[in-house]
Amino acid sequence: MASFCSLTLILISIFAFSISIANSKTLKRDVKALNEIKASLGWRVVYAWIGDDPCGDGDLPPWSGVTCSTQGDYRVVTELEVYAVSIVGPFPIAVTNLLDLTRLDLHNNKLTGPIPPQIGRLRRLRMLNLRWNKLQDVLPPEIGELKRLTHLSLSFNNFKGEIPRELANLPELRYLYLQENRFTGRVPAELGTLQYLRHLDVGNNHLVGTIRELIRIEGGFPVLRNLYLNNNYLTGGIPAQLANLTNLEILYLSYNKMSGAIPTALAHIPKLTYLYLDHNQFSGRIPDAFYKHPFLKELYIEGNAFRPGVNPIGAHKVLELSDTDFLV
């Protein structure tokens, strides 16, 4: 009898919760913002957005790509995913009025212009994915106000200027994708203070400086696994101190202007798996320890000034993380 009563109470609670959701009204702020976005987007998105309430109204379902949740007596928009639908035009500034967003994914569209500084209003945002657009101009320092951000992908756009130091103000950041833009200057050493950063990709930009400058903060990059610095204008050598990044698995230095010998200490990084040194100005020999490394699958050395007899390991291939990896 006791178990029957408990089950009855649970069913009543679920029913009551369902009724409360059904009776909840979507916050007017979010309704207004989404309808402004709807008015500015292309027909492919508008076609799937039926009704006036983005969270659903009566028999109408929530708009495609819109996720809502209940907070008190209201529903709020917590996720907006509108990607690969050929959205054309500037970044929809009304998005920055969706103050409860935790996820914003507008990748693989044709957005143009800058990211507005109002982006800093989205204080609950955990994932921001704007890759594969035509966004441009400098990154607003207000991105550094998104304190809960764990994933930031701005790759394959036309951003310029320096990588803002304010990105080091994102204490939860784990994945940072800035490749394939037009960034100049140096990679901020302050990024080394990010205690959870696992993946840093700044490849294919116009960056200068040295690795020594990048890792100058003691104890920096404590959990970094993947470091992509390829296709820039980096100079100098590989400092032995880079071996202090003991969690490194991928080190991609291809197509820079780096020089000098390869330090043996690098071979002591326990799980180093992919090491790309090709198309630089490195010289000397490759220490034997690299050829005895238990995890090293790829060592690519073409286009340097190594002594005769220095051999690569494995077959070179381009390494890119899939969308699934990005969402881990």
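Please read these numbers as outputs of a predicted model, since none were measured by experiment. Only heavy atoms go into these numbers, but all of them, side chains included; no hydrogens, no water, no symmetry mates.
- Here the CG-OG1 distance, from L146 to T150, works out to 11.0 Å after rounding to the nearest 0.5 Å.
- W49 has its side chain within reach of V82: a pair of non-hydrogen atoms, C-beta onward, lies under 4.5 Å apart.
- Both L104 and V85 belong to a common hydrophobic cluster when Ile, Leu, Val, Met, Phe, Trp and Tyr are linked at side-chain heavy-atom distances under 4.5 angstrom.
- Cluster annotation: I286 is connected to L242 through the hydrophobic network of ILVMFWY side chains, with a link wherever side-chain heavy atoms come within less than 4.5 Å.
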Please walk me through it: do L245 and L251 pass side-chain contact (heavy atoms from CB on, under 4.5 Å)?
-> CA-CA 11 Å; L245 278 59; L251 180 58; over 6 Å; no

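- In terms of modelled atom types and a separation under 3.5 Å, the side chain of K147 and the main chain of G144 share a donor-acceptor contact.
- The neighbour count for Y291 OH, taken as heavy atoms of other residues, nucleotides or ligands under 6.0 Å away, is above 12.
- Both L253 and V310 are assigned to one and the same hydrophobic cluster, defined by single-linkage of ILVMFWY side chains at heavy-atom distances under 4.5 Å.
- Counting only distance, with no hydrogens or angles, the side chain of T78 and the backbone of T67 share a donor-acceptor pair below 3.5 Å.
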Pair F295-E249, side-chain contact (heavy atoms from CB on, under 4.5 Å): steps then yes or no = CA-CA 9 Å; F295 287 96; E249 297 176 12; over 6 Å; no

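- Crowding of Y74 atom OH: a count of heavy atoms from other residues, nucleotides or ligands under 6.0 Å not exceeding 12.
- A donor-acceptor contact closer than 3.5 angstrom links the side chains of N97 and R121.
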Can you check side-chain contact (heavy atoms from CB on, under 4.5 Å) on L296 and T273, steps first, answer last?
-> CA-CA 4 Å; L296 193 59; T273 308; 5.8 Å; no

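- In terms of hydrophobic clustering, with Ile, Leu, Val, Met, Phe, Trp and Tyr side chains grouped at heavy-atom distances under 4.5 Å, I262 and I215 are assigned to a common cluster.
- Taking CG from L128 and OG from S153, the interatomic distance works out to 8.5 Å, rounded to the nearest 0.5 Å.
- For K110 against N133, the heavy-atom pair with the smallest separation is N-OD1, 3.3 Å.
- Distance CG/L248 to CG/N226: 8.0 Å, rounded to 0.5 Å.
- A donor-acceptor contact under 3.5 angstrom links the side chains of R131 and N129, judged on distance only.
- Nearest heavy atom pair, residue P222 against residue G192, reads CD-O, 3.9 Å.
- Of all heavy-atom pairs between A168 and E190, the closest is CB-O, 3.4 Å.
- You'll find the side chain of L272 reaches within 4.5 Å of the side chain of H293, heavy atoms only.
- Judged by distance alone, the side chain of D201 and the main-chain N or O of G203 form a donor-acceptor pair under 3.5 Å.
- Here D105 contributes atom CG and M127 contributes atom CE; the two are 4.5 Å apart, rounded to the nearest 0.5 Å.
- Remark: side-chain polar atoms of N205 are not paired, donor with acceptor, to backbone N or O of T184 under 3.5 angstrom.
- Within the 3.5 Å criterion, the main-chain N or O of P171 finds no donor-acceptor partner in the side chain of R148.
- In this structure, H107 has its ring center no closer than 6.0 Å to that of F156.
- No side-chain heavy atom of Y252 sits under 4.5 Å from any side-chain heavy atom of L275.
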Apply salt bridge (Lys or Arg N to Asp or Glu O under 4.0 Å) to R123 and D100, showing your working.
-> CA-CA 8 Å; R123 302 294 177 88; D100 292 289; over 6 Å; no

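- The aromatic rings of F306 and F282 sit parallel, their planes meeting at an angle under 30°, below the 60° perpendicular limit.
- Between the N181 side chain and the F159 main chain, a donor and an acceptor come within less than 3.5 Å of each other.
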Mind running side chain to side chain donor-acceptor pair (under 3.5 Å) on T102 and R126 for me, showing each step along the way?
-> CA-CA 5 Å; T102 61; R126 297 186 64 82; over 6 Å; no

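- Distance check: N280 CG to E302 CD gives 12.0 Å after rounding to the nearest 0.5 Å.
- A salt bridge links R174 with E172: the distance from a Lys NZ or Arg NE/NH1/NH2 to an Asp or Glu carboxylate oxygen falls below 4.0 Å.
- With contacts defined as side-chain heavy-atom distances shorter than 4.5 Å, the pair I119/F91 qualifies.
- With hydrogens and angles ignored, the 3.5 Å screen pairs a side-chain donor or acceptor of N256 with a backbone N or O of L234.
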Take T26 and D53 through the side chain to side chain donor-acceptor pair (under 3.5 Å) test and state the conclusion after the steps.
-> CA-CA 7 Å; T26 304; D53 192 335; 2.8 Å; yes

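- In the hydrophobic clustering of ILVMFWY residues, with side-chain heavy atoms under 4.5 Å counting as a link, I115 and Y83 come out apart.
- You'll find the side chain of E162 stays beyond 4.5 Å of the side chain of F183, heavy atoms only.
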Please assess L178 against S155 for the test side-chain contact (heavy atoms from CB on, under 4.5 Å), listing each intermediate value before the final yes or no.
-> CA-CA 5 Å; L178 300 176; S155 52; over 6 Å; no

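- Using a 4.5 Å cut-off on side-chain heavy atoms (C-beta onward), L277 and Y300 make no contact.
- More than 12 heavy atoms of other residues, nucleotides or ligands sit less than 6.0 Å from atom CG of D137.
- Around atom NZ of K160, no more than 12 heavy atoms belonging to other residues, nucleotides or ligands sit under 6.0 Å away.
- Side-chain atoms of W63 come within 3.5 Å of backbone atoms of I50 as a donor-acceptor pair (strictly under, hydrogens ignored).
- Between V223 and L197, the closest side-chain pair of non-hydrogen atoms is not below 4.5 Å.
- For the atom pair CG (N247) and CG (L227), the distance works out to 13.0 Å, reported to the nearest 0.5 Å.
- Within 6.0 Å of atom NZ in K134, 12 or fewer heavy atoms from other residues, nucleotides or ligands are found, so the atom counts as exposed in its surroundings.
- Proximity of a side-chain donor or acceptor of N169 to a complementary backbone N or O of L167 within less than 3.5 Å is not detected.
- At a threshold of 4.5 Å between non-hydrogen side-chain atoms, the residues L111 and I87 count as touching.
- Minimum heavy-atom separation, P287 to P263: CG-C, 4.4 Å.
- Classified by interplanar angle (parallel below 30°, tilted 30° to 60°, perpendicular above 60°), the ring pair Y175/H151 is parallel.
- Side-chain contact check for S254 and D278: at least one donor-acceptor pair (N or O, by modelled atom type) lies under 3.5 Å.
- D30 contributes no side-chain N or O that, together with a main-chain N or O of C68, makes up a donor-acceptor pair within less than 3.5 Å.
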